[in-house]
Amino acid sequence: MSIKDITKNQSVMNAISIGTLCSVAYLAVYFARNILSAVTPGMIDAGYTEEYIGRLSSIYFISYAVGQLINGSIGDKIKARYMISTGLFLAGIASLVFPLLPIESTGVSVGVYGLTGFFLAMIYGPMTKVVAENTEPIYATRCSLGYTFASFIGSPCAGIAAAVLTWQSVFITGSAILVGMAIAVFSFFLFFERKGIVKYNQYDDKKQKSGNIRILIQHRIIKFTFIAVLTGITRTTVVFWLPTYISQYLGFSAEVSAMLFTVSTFIISFTTFIAVFVYERLGRNMDLTILLMFSLSSVFFLLVYLVRIPAVNIIFIIIAIMASNGAATMLWSRYCPSLRDTGMVSGATGFLDFMSYMAASVSSTLFANAVTQIGWGNLILVWCGLMVLGVVVALSGKNSFRRTTATES
């Protein structure tokens with residue numbers, strides 16, 4: 001399709017408008033989400049302890065997960081304009097307050113940072129719902145691809161900010177970005193609604209009654225819950241511990257580890273495009289793509305265990321994480337938007353994100369203990385085993401390897 005044809009196709013232009021706004025907003029979310037990891041060295045230098053920062057990280061994961069569960073259901077009933085803009089604005093206020101609190105007020109600081117996670121959890125479910133209900137299936141996949149990419153690129157962006165600003169300034173910058181995006185989202189969605197670009201509850205309830213959990217079971221929500229858990233552990237917890245792995249297991253200095261982590265996460269951010277490219281080459285077969293991705297991740301995590309040459313080892317672990325994230329891309333960019341006709345896109349997406357981050361929260365603590373108990377080498381085998389389990393999950397279900405996206409043709 002040429003540029004001229006694109007500009008004349010109203011459905012394509014609408015999808016571009018909605019997708020661009022959602023992607024930019026989600027980049028702001030993930031910039032804010034990755035600030036703590038990026039500024040941890042600066043906070044430690046300022047007198048904060050690793051234990052305190054670990055507590056912040058844990059409470060954030062839990063509040064974000066619970067927020068996804070609660071806000072996802074609310075997002076099926078309230079307009080995205082209100083949900084997304086309110087979440088961005090309140091998260092911006094919390095991000096502003098947190099660095100201004102004195103170091104002694106640890107209890108209040110943990111509570112405020114936890115609220116940041118809860119407010120940021122108001123974004124993803126309603127965003128996926130509005131994309132699914134207002135774009136054709138093929139464009140919905142590409143829109144969600146855009147903000148999935150934004151979620152991956154948020155980490156290196158936060159790292160760059162932390163390299164040039166004080167840790168307090170990074171939080172304040174994040175606050176300003178979130179508040180600015182809240183105003184922009186509210187304004188643009190209001191414009192889209194008035195122009196008829198965005199409408200709500202655009203699902204076909206003639207075929208199936210919305211709000212019925214059995215409908216989600218028929219749409220294989222149980223299988224994809226396992227996929228959310230397994231990929232959530234890799235994309236959140238494994239990546240979180242990657243700088244420590246590079247430093248302790250591969251023997252790089254803290255400075256070099258930080259640089260390698262920034263480069264690695266930047267490369268990983270392109271996973272979404274690679275996954276959709278593979279998905280298209282496999283005839284838009286979501287199940288086959290997920291199976292391939294889990295299989296590749298299993299193989300490369302095994303190679304990470306077998307090969308200790310630092311440069312090669314880093315390449316292998318990047319590929320292993322990218323492959324797992326490829327399966328996650330199918331979950332968030334293809335499966336969730338496909339739930340459009342259930343009328344429960346936001347609630348289902350929120351539930352899956354809840355399961356993903358609860359798994360990340362639990363596994364983060366377990367992995368920290370495992371490093372001292374069984375060592376990095378055996379922990380790598382655990383990661384490999386999780387991906388093998390992903391292969392088993394991918395093979396399960398009566399709909400495996402059917403072409404699941406015929407409506408995209």
Side-chain angles (χ1 to χ4, degrees), residues 25-26 28-40 43 48-76 78 82-101 105-128 151 154-155 158 167 170-171 174-175 177-179 181-182 225 228-229 231-233 235-237 239-241 332 346-368:
Y26 214 50
V29 170
Y30 265 78
F31 177 86
R33 281 195 47 190
N34 285 283
I35 288 176
L36 180 64
S37 177
V39 303
T40 291
M43 292 182 68
Y48 293 93
T49 65
E50 290 87 345
E51 180 185 1
Y52 169 71
I53 294 173
R55 203 185 331 156
L56 285 175
S57 176
S58 294
I59 195 66
Y60 177 88
F61 281 146
I62 294 171
S63 62
Y64 186 83
V66 173
Q68 286 289 355
L69 189 64
I70 296 173
N71 295 321
S73 297
I74 296 174
D76 279 324
I78 297 178
Y82 297 118
M83 283 291 292
I84 297 175
S85 60
T86 299
L88 289 168
F89 181 79
L90 293 178
I93 298 301
S95 292
L96 176 63
V97 172
F98 174 76
L100 301 179
L101 294 170
S105 59
T106 55
V108 176
S109 297
V110 169
V112 169
Y113 194 71
L115 286 175
T116 304
F118 184 87
F119 295 141
L120 288 178
M122 297 174 69
I123 317 301
Y124 188 66
M127 185 181 292
T128 302
S151 71
S155 180
W167 72 268
V170 180
F171 274 106
S175 171
I177 292 173
L178 289 171
V179 171
M181 279 308 308
T225 298
V229 167
T231 58
I233 291 172
R235 73 189 179 105
T236 303
T237 310
V239 171
F240 182 85
W241 287 104
W332 306 115
S346 181
T349 302
F351 168 74
L352 291 170
D353 225 4
F354 164 78
M355 293 301 296
S356 175
Y357 279 94
M358 285 303 294
S361 177
V362 173
S363 63
S364 183
T365 303
L366 292 177
F367 289 174

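The structure presented is a predicted model; accordingly, all values stated were derived computationally and were not measured.
With respect to Ile123, the side-chain contact (heavy atoms from CB on, under 4.5 Å) criterion is satisfied by exactly one of Thr128, Ile84, Thr86: Ile84.
Atom CG in Leu90 sits 4.5 Å away from atom CZ in Phe119 (nearest 0.5 Å). Remark: Phe61 CZ to Tyr64 OH distance equals 10.5 Å, nearest 0.5 Å.
The backbone N or O of Ile53 lies less than 3.5 Å from no partner atom in the side chain of Ser57, so there is not a single donor-acceptor pair. Between the side chain of Ser175 and the backbone N or O of Gly92 there is at least one donor-acceptor pair closer than 3.5 Å. Under a 3.5 Å cut-off, the side chain of Asn71 and the backbone N or O of Phe118 do form a donor-acceptor pair. With hydrogens and angles ignored, the 3.5 Å screen pairs a side-chain donor or acceptor of Ser95 with a backbone N or O of Ala91.
Across every non-hydrogen atom of Ser363 and Ala360, the tightest pair is OG-O, 3.1 Å. Considering all non-hydrogen atoms of both residues, Gly87 and Met122 come closest at CA-SD, 3.6 Å. Of all heavy-atom pairs spanning Ser356 and Arg235, the tightest one is OG-NH2, 3.4 Å.
With sequence neighbours excluded, no residue satisfies side-chain hydrogen bond (donor to acceptor under 3.5 Å, both in side chains) with Ser63. Tyr357 pairs by the side-chain hydrogen bond (donor to acceptor under 3.5 Å, both in side chains) definition with Tyr30, Arg33, not counting sequence neighbours. With sequence neighbours left out, Phe31 forms a ring-ring contact (aromatic ring centres under 6.0 Å, His included) with no residue at all.
Ring-plane geometry between Tyr113 and Tyr60 is classed as tilted, the angle between the planes lying from 30 to 60 degrees on a 0 to 90 degree scale. Ring orientation note: the planes of Trp167 and Phe98 are nearly perpendicular, at an angle over 60° on the 30°/60° scale.
Using a 4.5 Å heavy-atom threshold, the side chains of Leu88 and Val179 count as separate.
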